[in-house]
Novice: 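Here it is, the structure in full.
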Amino acid sequence: MSPSVNSTPDSEAIRSDDPSTLVHTVYGSAGILDVSSSRLLAVVFSLSLLVLWRLWRFTVLPMLYPDQPKEFPHWIPGHGRAFFRDSNGLLARARKHFGNSKEPFALTAFGMTFYVVTQVKQSVQAYRNSETLSFEDFVQGLMRTNGNSEEVIKAVYTALPTDKAGCPNPRGESLGVLAQRMHAHQLHPGDNLVLLQKEVQRWLDCHVNLGDIRASPSATSPNFKSVEVPLYRWCSEYFIQLGQDVYFGETLAEIDPTLPSTFLVFDELIWKMLYQYPDVLSSDMIKPRSRVIASLNRYFQVPQSQRTGGSAWLINAMENEMRALGVDGEDLAVVVFHLYLAINTNTRKTAFWVLAHLLHDLDLMAAYCRETAPAFRGADLVDPFMIQDAAACPQVDAVWHETLRMSGWAASVRLITQDTLIGNKRMCKGNRVMVPHRLLHFDKGIFGEATHQFRTDRWLNNKDLSRSPSFRPFGAGKTMCSGRFLARFSVTTFVATLLRRFHVELVGQPAFPRADEGRPVLGTMSIREGDDFKVRLTPKAELI
Ligand code: HEM
């Protein structure tokens, strides 16, 4: 409807007998017509420009540069909104748009161009290439977002002498790169990992009991015999406490007894940090993040020799290396905050998903208990390593893999530092390559039928499946998660101990919780808001 048609005061005026009013009104209407037609022209012009731009960008350019991946068409300003609402849904739509072809395609979101690689052979190429594809860019971005200055980032990513003091550095790498080797030294199979695993065993032995669970912030006790907990929240709090104590000793809990709950609040809002949401919309995420960083800062003010319960080799070694570069105070706390995040963000959720699946399949739960029984003497976990043996505990192994397959969200992202060929397509410097693991995990050609169902038989029937390059819950290549052995150890022994010591049952008949597929995380998906459910834990009388 044009404004001139609707202008009732002017229609009244036209009926007036005063000729001057009439002249005025006619000129006035003509003015309105002028304005509306010039507006219309502007709209038509802008639309034509937009259509021309779209034609140029998504039809002409791909013809001029057939060696580059085709881009999934969009209108200005890109796919940011759709990516934000459901990134995996967007990637699936894009793949369908290109006829489910195996070629990499491009996609623009948040002003960045991502080349999406969905073919396994090409993803292997991407993971192998650490020369022109950089993971460090992602870590540096996190450091910047969380408060490290450019000076500190430069110090951490400047090559160091081969003969420096502290950790050996035969390749003359920067501390940022050397840190990957330090993680591996602590977490890959060997004596250092066994030390941490024994700490986990000791922690579980001390804390998986009625008294301690009752003291959890989220627990309620309906009677003196049992305790009820919201499973997602409780697993999260318990696992964060476990990871924190095992890595940092008890000093951190003494400094801030509520740190696990504070971290949990931050971690459930981590998508705001990953999308670099404006500060005015993120105070709910920023406040708990600042508090975790402040507590870590206070922790590092306590001399290493005075920290109770000791701490993992990695924490002290990282602190020494950072201080040698002149990085201390809050800057040191921010760097170690990323480690606190890596230790705690995924394991808590994986423990929850394993238990959720078992609670909805009681036969599977019984099989889990049967297989892990030889690891216990009475209520005591005496041989946790037996639970890691896939031959002795095939169902435990299959539950672990199927849970990771279904609840894994992560996508590996690398910055392209020089034009790079992947799958015969040229990927241009300055853009990013993305390998979306979740899409690979639902490939029927690899994982068999009904990939949206939780089925342990796919792992039981194919012992090589966990080695498939389509199964990437921990990423791959040089930056593959170094914590994967400790994560599996902690989750499987925790679940086994809990089921050994307690009758675990659903309170009521809650539906299976829905995963929050929309919001980005760094590995395992959270549940949708409102989907947490209560379980009742009753100690097994025969074991008391
Ligand atoms: C089930 C639990 C876990 C999952 C699903 C998981 C997943 C991942 C993923 C997807 C990556 C990124 C790999 C890439 O982009 O190439 C990663 C990296 C990493 N994870 Fe984990 N993770 C888990 C537990 C842990 C634990 C318990 C620790 C430490 C104790 C840990 C330490 C790390 C570190 C240090 C990195 C960075 C890799 C590097 O720079 O060396 N993760 N993890």
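None of the values given here were measured: they were computed from a predicted structure. Remember, it's 1-based here, ligands and their atoms both numbered in the order they're listed.
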Novice: Is it true that, when you exclude Lys463 itself, more than 12 heavy atoms of the residues, nucleotides or ligands shown sit nearer than 6.0 Å to its NZ?
Specialist: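 Enclosed.
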Novice: Trp400 to ligand 1: N or O pair under 3.5 Å?
Specialist: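 Looking only at distances, the answer is no, because the N/O contact criterion of under 3.5 Å is not met.
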Novice: Taking all atoms of both residues into account, what is the closest heavy-atom pair of His183 and Ser482, and its distance?
Specialist: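 That closest heavy-atom pairing would be CB-OG, 3.3 Å.
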Novice: Just which atoms of ligand 1 are under 4.0 Å from any heavy atom in Pro473?
Specialist: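 Contacts of ligand 1 toward Pro473, numbered from 1: 5 (C), 7 (C), 10 (C).
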Novice: Among Leu421, Ile422, Leu133, which one satisfies side-chain contact (heavy atoms from CB on, under 4.5 Å) with Gln125?
Specialist: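 Of the listed options, the one satisfying the test is Ile422.
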Novice: Classify the contact between Glu136 and ligand 1 as side chain, backbone, both or neither, using a heavy-atom distance cut-off of under 4.0 Å.
Specialist: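 Neither; no heavy atom under 4.0 Å.
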Novice: Establish, yes or no, whether a centroid distance under 6.0 Å links the rings of Phe385 and Phe489.
Specialist: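 Centroid separation for Phe385 and Phe489: below 6.0 Å.
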Novice: Write out the residue and atom name of the closest protein heavy atom to atom 41 (O) of ligand 1, then the distance separating them to 0.1 Å.
Specialist: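 The protein heavy atom lying closest is Gln180 CG, 3.3 Å.
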Novice: Table please: side-chain donor-acceptor pairs of residues 245-253 below 3.5 Å, with sequence neighbours left out.
Specialist:
| residue | atom | partner | partner atom | Å |
| --- | --- | --- | --- | --- |
| Asp245 | OD1 | Gln241 | NE2 | 3.2 |
| Asp245 | OD2 | Trp203 | NE1 | 2.9 |
| Thr251 | OG1 | Thr308 | N | 2.7 |
| Thr251 | OG1 | Thr308 | OG1 | 3.2 |

Novice: Could you see which bit of Ser490 sits under 4.0 Å from ligand 1, with heavy atoms only: side chain, backbone, both or neither?
Specialist: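 Neither; nothing of Ser490 gets under 4.0 Å from ligand 1.
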Novice: Should you measure from each heavy atom of Thr524, which atoms of ligand 1 turn up under 4.0 Å away?
Specialist: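 Listed by number with element, the hits are 5 (C).
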Novice: Provide the number and element of each atom of ligand 1 under 4.0 Å from a heavy atom of Thr479.
Specialist: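 Heavy-atom distances to Thr479 below 4.0 Å select 13 (C), 14 (C), 16 (O), 38 (C).
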Novice: Are the charged groups of Asp256 and Arg291 less than 4.0 angstrom apart, N to O?
Specialist: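 So Asp256 pairs with Arg291 through a salt bridge.
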Novice: Do me a favour and list the nearest non-hydrogen protein atom to atom 1 (C) of ligand 1 with residue, atom name and distance?
Specialist: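 In this structure, atom 1 (C) of ligand 1 has Thr350 OG1, 3.3 Å as its nearest protein heavy atom.
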Novice: Flag this pair as yes if the NZ/CZ of Arg414 is under 6.0 angstrom from the six-membered ring centre of Tyr127 and inside a 45 degree cone about the axis; otherwise no.
Specialist: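 Because its charged atom misses either the 6.0 Å distance or the 45° angle limit, Arg414 does not stack over Tyr127.
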Novice: Taking Phe471 as the fixed residue, which of Phe442, Trp459, Trp400 is the one that meets the ring pair (Phe, Tyr, Trp, His ring centres under 6.0 Å) rule?
Specialist: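 Among Phe442, Trp459, Trp400, the one that satisfies the ring pair (Phe, Tyr, Trp, His ring centres under 6.0 Å) with Phe471 is Trp459.
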Novice: Tell me how many protein N, O or S atoms are within a distance shorter than 2.8 Å of atom 21 (Fe) of ligand 1.
Specialist: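 For atom 21 (Fe) of ligand 1, protein nitrogen, oxygen or sulfur atoms under 2.8 Å: 1.
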Novice: Of the non-hydrogen atoms in Val265 and Pro288, which two are nearest, and what is the gap between them?
Specialist: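 Heavy-atom minimum between the residues: CG1-CG, 3.9 Å.
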Novice: Quick one: does Phe138 get within less than 4.0 Å of ligand 1, heavy atoms only?
Specialist: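 Phe138: no contact with ligand 1 (<4.0 Å).
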Novice: What's the verdict on side chain to side chain donor-acceptor pair (under 3.5 Å) for Ser218 and Trp234, showing C-alpha distance, side-chain angles and the deciding distance?
Specialist: CA-CA 6 Å; Ser218 56; Trp234 177 69; 5.5 Å; no
Novice: Please identify which atoms of ligand 1 are closer than 4.0 Å to at least one heavy atom of Phe135.
Specialist: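 With Phe135 as reference, the close atoms of ligand 1 come out as 15 (O), 40 (O).
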Novice: Return yes when atom CD of Glu254 has more than 12 non-hydrogen atoms of other residues, nucleotides or ligands closer than 6.0 Å, and no otherwise.
Specialist: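 Enclosed.
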Novice: Who's the nearest protein heavy-atom neighbour of atom 30 (C) of ligand 1, and how far?
Specialist: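 Its nearest protein heavy-atom neighbour is Tyr247 OH, 3.4 Å.
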Novice: Which heavy atom of Ala94 sits nearest to which heavy atom of Phe105, and what is that distance?
Specialist: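 Reported closest heavy-atom pair: CB-CE1, 3.4 Å.
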Novice: Mind checking whether His338 has a heavy atom under 4.0 Å from ligand 1?
Specialist: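 Outside the 4.0 Å threshold, so no.
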Novice: Below the 3.5 angstrom mark, is there an N/O of Ser412, backbone or side chain, next to an N/O of ligand 1?
Specialist: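 Yes; the residue has a nitrogen or oxygen that sits under 3.5 Å from a nitrogen or oxygen of the ligand.
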